[in-house]
Enquirer: 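Shown below is the structure under consideration.
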Amino acid sequence: MRASQLFSPTLREVPADAEIISHRLLFRAGLVRKVAAGVYSYLPLGWRIHQKLAQIVREEMNAIGAQEMFMPVLVPRELLEESGRIGVDILFHQKDRNERDFILGFTHEEVVTDIVRNCVQSWKQLPMSLYQIQTKFRDEPRPRGGLIRGREFTMKDSYSFDLDEAGVTKSFEAHRSAYEAIFKRAGLDYLVVDADSGAIGGSQSNEFMILAESGEDTVLVCDTCGYAANAERAEIGGLLTTVAVGTGDAASTVVSTPGAHTVAEVCDFLGVPADKLIKTIIVQSGDQVVAALVRGDRELNLPKLGRVLGSPAELADAATVQRVTNALVGFAGPVGLSGIRIVLDAELADAADMVVGANENDAHRTGVTVGLDFMPTDVADIRTALAGDPCGKSGCSGRYSTAHGIEVGHIFNLGTRYSKVMGASVQMDTGEQRDIVMGCYGLGISRTVAAAVEAHHDDDGIIWPVSIAPYEVVLIVVNPKDDAQRGAAEQLYQELTNKGVDVLYDDRDERSGVKFKDADLLGYPVRVVAGRGVAEGMLEVVLRRDKANPSAVPISSATADIASLVAEEKGRLS
RNA sequence: CGGGGUGUAGCGCAGCCCGGUAGCGCACUCGCUUUGGGAGCGAGUGGUCGCCAGUUCGAAUCUGGCCACCCCGACCA
């Protein structure tokens, strides 16, 4: 491709609303343009990157025997009613001319399960994995970060169908290894972490994270055993599991704390540190209302609590808090609280002389000892793990550190969550009718493009891994009006192209500075310059990732040298 | 959904407080010069000032409503 013919609108400045680095660089480099909040167009070079990544994904999915297909964006509401997901709040709804309700596909479990239940009847047809690369639509409450969290984005989603738990485990592992191969080929350092399976259900769930400052997720990594988990999931080690029943007289006293309903206000008022407070958080989980207790300086982890309770937990509304505690939000406490479960964070199992809410307005209770002044119904690990906390893997004595990550892949063992309610089953050789055991496996293509930029850039622009770069080589002719320079460049361009090297030839009649700046910004892995050295029969070759160390290459051997340099770069990723 | 902020030329911004001919830089067009890190000089093109209403002789500017977008939080297959 010749740059003079290419539509590649690079910018010197960026709109003020682009905050995170990948958004700024993707925009400045002319790879994407915003159409609406969370909705983007890919310009030609951006689309090449997207296609290269999609092709890697395709090859690795095919390699584990998954079969590519294509499902529609329009999904009739009836299918989501069957699975019970019609109430999901991020769905885009669309009515047809007859007022029939369609959902724009946000993921395709129902659609693929519908196909399978109609077409698969026998155990002999399984196992099977199907996938597609498709645009997904999610009406995110808050799209952000350019391609990181869009309302319309591309995702590879695959679905596995097995006869039993052993089968789905095999499919799950196959996808895990395919994902590892994909991210390795894409030149991205990833971390596989234990994850919460959320509303999607299922037993086993791993996320693939690209570590980046701007990542929305916090991950905890053990410094000793290497265990890694999303903060929503990471368990804390070395915790007590029971409360010892205290002896003696309950000695707590109620003190007046007018207007103090936050932890900070109570600490200020009473002159105690936050770790001597117990926060009592009233939570709704399914039909039950529960009091969750964590130390004043800790954060309640709702997914963890939800797993303890058996259904997802959310903060109760103010009216419920009032009803349960007879007080405003901010004055709840475990002492004298009756009729509801009290879940105590395990860290507090032996806590003594604590401050809690008094269940009356403007009052707290001091000198509270667990097991003496009150008895919890459950003791469990329900707070969010922090850097420095002990690792939760049994037998490991390591400690966690934290990092931020961008979730680019998520793989789930779904069990029979969908097959059971939708009636997807096969007949076994025994004659038994058995629910199909499913897995689902998402990989955000557009998000991975953004994550790659987050992971690979410098002050001058993007540094693409060669496997997903818009072009492998950029060839700059410094002065196109110089016949020797232009002649050498033209010939090299032809030879490289003939040799199958993916080369962008910057033949524009621009000043050299413009071409160098654009080459840096666009991040082509290899840069070749036909400049003043041509007079001595030399070209300059340099790697984008090692820009300070150019080498001079004789024109006579340039084609072969550059081709082998590209091959070498590719080799680093396999 | 709560809090904060922004909408003026393709991009970045000033003008608004204190109403009176819409401005700057980049980009773009033409000419000449220039060619190893976003060139110089000269001459030009381009704007319903987010939308609707109101106040006023007169509104980018004041008032009200609406919309869009960004950030923080909530939320998040």
Enquirer: Could you check which of rC76(B), rG36(B), rG38(B) has an atom nearest any side-chain atom of Val514(A)?
Expert: rG38(B)
Enquirer: Separation of Phe106(A) atom CZ from rC76(B) atom P, in whole Å?
Expert: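 Atom-to-atom, Phe106(A) to rC76(B), this comes out as 14 Å.
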Enquirer: Quick one: which of rG37(B), rA27(B), rC71(B) gets closest to the side chain of Arg142(A)?
Expert: rC71(B)
Enquirer: Check this for me, if you would: do Asp194(A) and Arg233(A) make a salt bridge, where the nitrogen-to-carboxylate-oxygen distance has to be below 4.0 angstrom?
Expert: no
Enquirer: Closest to the Asp520(A) side chain: rC69(B), rG38(B), rG37(B)?
Expert: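 For Asp520(A), the side-chain atoms sit closest to rG37(B).
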Enquirer: By the 4.0 Å heavy-atom rule, please label Glu540(A) as base, sugar-phosphate, or nothing.
Expert: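 Counting heavy atoms under 4.0 Å across all strands, the contact made by Glu540(A) includes a base.
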Enquirer: Let's see if you can work this out: which of rG36(B), rG38(B), rC72(B) has an atom nearest to the side-chain heavy atoms of Leu521(A)?
Expert: rG38(B)
Enquirer: Remember a base hit wins even if backbone is also touched, and classify Val88(A) as base, sugar-phosphate or nothing at under 4.0 Å, heavy atoms.
Expert: nothing
Enquirer: Return the value, rounded to whole Å, for the distance between atom CG of Leu302(A) and atom P of rA74(B).
Expert: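 Taking CG of Leu302(A) and P of rA74(B), I get 11 Å after rounding.
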Enquirer: Suppose you measure atom P in rA27(B) against the same atom in rG38(B); what distance do you get, rounded to whole Å?
Expert: 12 Å
Enquirer: Report the base-pairing partner of rG23(B) (Watson-Crick or G-U wobble, both distances below 3.5 angstrom), or none.
Expert: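 Because both required distances fall under 3.5 Å, rG23(B) counts as paired with rC13(B).
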Enquirer: Of the options rU34(B), rA74(B), rG37(B), whose atoms approach the side-chain atoms of Pro141(A) most closely?
Expert: rA74(B)
Enquirer: Nearest whole angstrom, please: distance from the C1' of rC76(B) to the CZ of Phe137(A).
Expert: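 My rounded result for the distance is 18 Å.
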Enquirer: Would you mind telling me which of Tyr159(A), Tyr441(A), Tyr131(A) makes a ring pair (Phe, Tyr, Trp, His ring centres under 6.0 Å) with His175(A)?
Expert: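 The passing option is Tyr441(A).
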Enquirer: Would you classify Leu11(A) as touching base, sugar-phosphate or nothing, given that sugar-phosphate means primed atoms plus P, OP1 and OP2, and contacts are heavy atoms under 4.0 Å?
Expert: base
Enquirer: What's the gap between rC62(B) and rU56(B) when it is taken at their C1' atoms, as a whole Å value?
Expert: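 Those two atoms are separated by 10 Å.
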Enquirer: To the side chain of Arg12(A), which of rC26(B), rG36(B), rC69(B) is closest?
Expert: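 The answer is rC26(B).
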Enquirer: With nearest nucleotide decided by heavy atoms, which residue, Arg527(A) or Gly146(A), maps closer to the 5′ end of RNA chain B?
Expert: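 Counting from the 5' end, the first nearest nucleotide belongs to Arg527(A).
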Enquirer: Show your working on side-chain contact (heavy atoms from CB on, under 4.5 Å) between Glu110(A) and Val75(A) and close with a plain yes or no.
Expert: CA-CA 9 Å; Glu110(A) 288 85 354; Val75(A) 179; 5.5 Å; no
Enquirer: Determine, for Arg117(A) against Glu82(A), whether the closest basic-nitrogen to carboxylate-oxygen distance falls under 4.0 angstrom.
Expert: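 The answer is yes: the pair qualifies as a salt bridge.
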Enquirer: What is the separation between atom NE2 on His23(A) and atom P on rC70(B), rounded to the nearest whole Å?
Expert: 8 Å
Enquirer: Output the rounded distance in Å from CG (Asp317(A)) to C1' (rA74(B)).
Expert: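 For the pair Asp317(A) CG and rA74(B) C1', the rounded distance is 15 Å.
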Enquirer: Heavy atoms under 4.0 Å, any strand shown: does Glu510(A) hit a base, just sugar-phosphate, or nothing?
Expert: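 Glu510(A): base contact, heavy atoms under 4.0 Å.
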Enquirer: Which whole number of Å gives the distance between the C1' atom of rG65(B) and that of rC70(B)?
Expert: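 Each nucleotide's C1' atom is 22 Å from the other's.
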Enquirer: Check this for me, if you would: do Glu407(A) and Arg149(A) make a salt bridge, where the nitrogen-to-carboxylate-oxygen distance has to be below 4.0 angstrom?
Expert: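 The answer is no: the pair does not qualify as a salt bridge.
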Enquirer: More than 12 heavy atoms of other residues, nucleotides or ligands under 6.0 Å from CG of Asp483(A): yes or no?
Expert: no
Enquirer: If we only count heavy atoms from C-beta on, is the Leu147(A) to Phe153(A) side-chain gap below 4.5 Å?
Expert: no
Enquirer: Using a heavy-atom cut-off of 4.0 Å across all strands, would you classify Arg508(A) as base, sugar-phosphate, or nothing?
Expert: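 Since no nucleic acid heavy atom lies under 4.0 Å of Arg508(A), the category is nothing.
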Enquirer: Give none if rU29(B) has no partner; otherwise give the nucleotide forming a Watson-Crick or G-U wobble pair with it, both distances under 3.5 Å.
Expert: rA43(B)
Enquirer: In whole Å, what is the span from the CD atom of Gln485(A) to the P atom of rG36(B)?
Expert: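 Taking atom P of rG36(B) as the reference, CD of Gln485(A) is at 8 Å.
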Enquirer: Watson-Crick or G-U wobble partner for rG7(B), using a 3.5 Å limit on both distances?
Expert: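 Checking every strand shown, rG7(B) finds its partner in rC67(B), with both distances under 3.5 Å.
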Enquirer: Name the closest nucleotide to the Arg151(A) side chain, picking from rC69(B), rG36(B), rG73(B).
Expert: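 Nearest nucleotide to the side chain: rC69(B).
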Enquirer: Looking for any heavy atom pair under 4.0 Å, which part of the strands does Arg28(A) touch: base, sugar-phosphate only, or nothing?
Expert: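 Base contact.
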Enquirer: Choose from rG38(B), rU35(B), rC70(B) the nucleotide whose nearest atom is closest to any side-chain atom of Asp509(A).
Expert: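 Nearest nucleotide to the side chain: rU35(B).
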Enquirer: Using the P atoms only, state how far rC49(B) lies from rG10(B), rounded to an integer number of Å.
Expert: 13 Å
Enquirer: Ignoring backbone atoms, test whether Arg532(A) places a side-chain nitrogen or oxygen under 4.0 Å from the OP1 or OP2 oxygen of rG36(B).
Expert: no
Enquirer: If you check the Lys481(A) side chain, which of rU35(B), rG37(B), rG36(B) turns out closest?
Expert: rU35(B)
Enquirer: To the nearest angstrom, how far is Arg511(A) atom CZ from rU34(B) atom C1'?
Expert: 6 Å
Enquirer: Heavy atoms from C-beta onward define the side chain here; which of rC76(B), rC70(B), rG38(B) lies closest to that of Arg149(A)?
Expert: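 The nucleotide sitting nearest to the side chain is rC76(B).
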Enquirer: Which part of the nucleic acid, if any, lies within contact of Asp518(A), taking any heavy atom under 4.0 Å across all strands shown: a base, the sugar-phosphate backbone alone, or nothing?
Expert: base
Enquirer: Could you measure between the two P atoms, the one in rG19(B) and the one in rU63(B), and give it in whole Å?
Expert: 12 Å
Enquirer: Closest heavy-atom contact between Lys304(A) and Asn301(A)?
Expert: N-OD1, 3.0 Å
Enquirer: Would you kindly give the CD1-to-C1' distance between Ile148(A) and rC70(B), to the nearest whole Å?
Expert: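 Distance check: Ile148(A) CD1 to rC70(B) C1' gives 16 Å.
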Enquirer: Considering Watson-Crick and G-U wobble pairs with both distances under 3.5 Å, what does rA60(B) pair with?
Expert: none
Enquirer: Pick the closest RNA chain B nucleotide for Ala37(A) and for Glu232(A) by heavy atoms, then say which residue is nearer the 5' end.
Expert: Ala37(A)
Enquirer: For the C1' atoms, the ones on rU6(B) and on rA60(B), what distance do you get once it is rounded to whole angstrom?
Expert: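 Pairwise C1' distance, rU6(B) against rA60(B), rounds to 15 Å.
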Enquirer: Quote, to the nearest angstrom, the C1' distance that separates rC30(B) from rC24(B).
Expert: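 Nearest-Å result for rC30(B) against rC24(B) at atom C1': 22 Å.
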Enquirer: Using the P atom as the point on both nucleotides, what is the distance between rA59(B) and rG12(B), in whole Å?
Expert: 29 Å
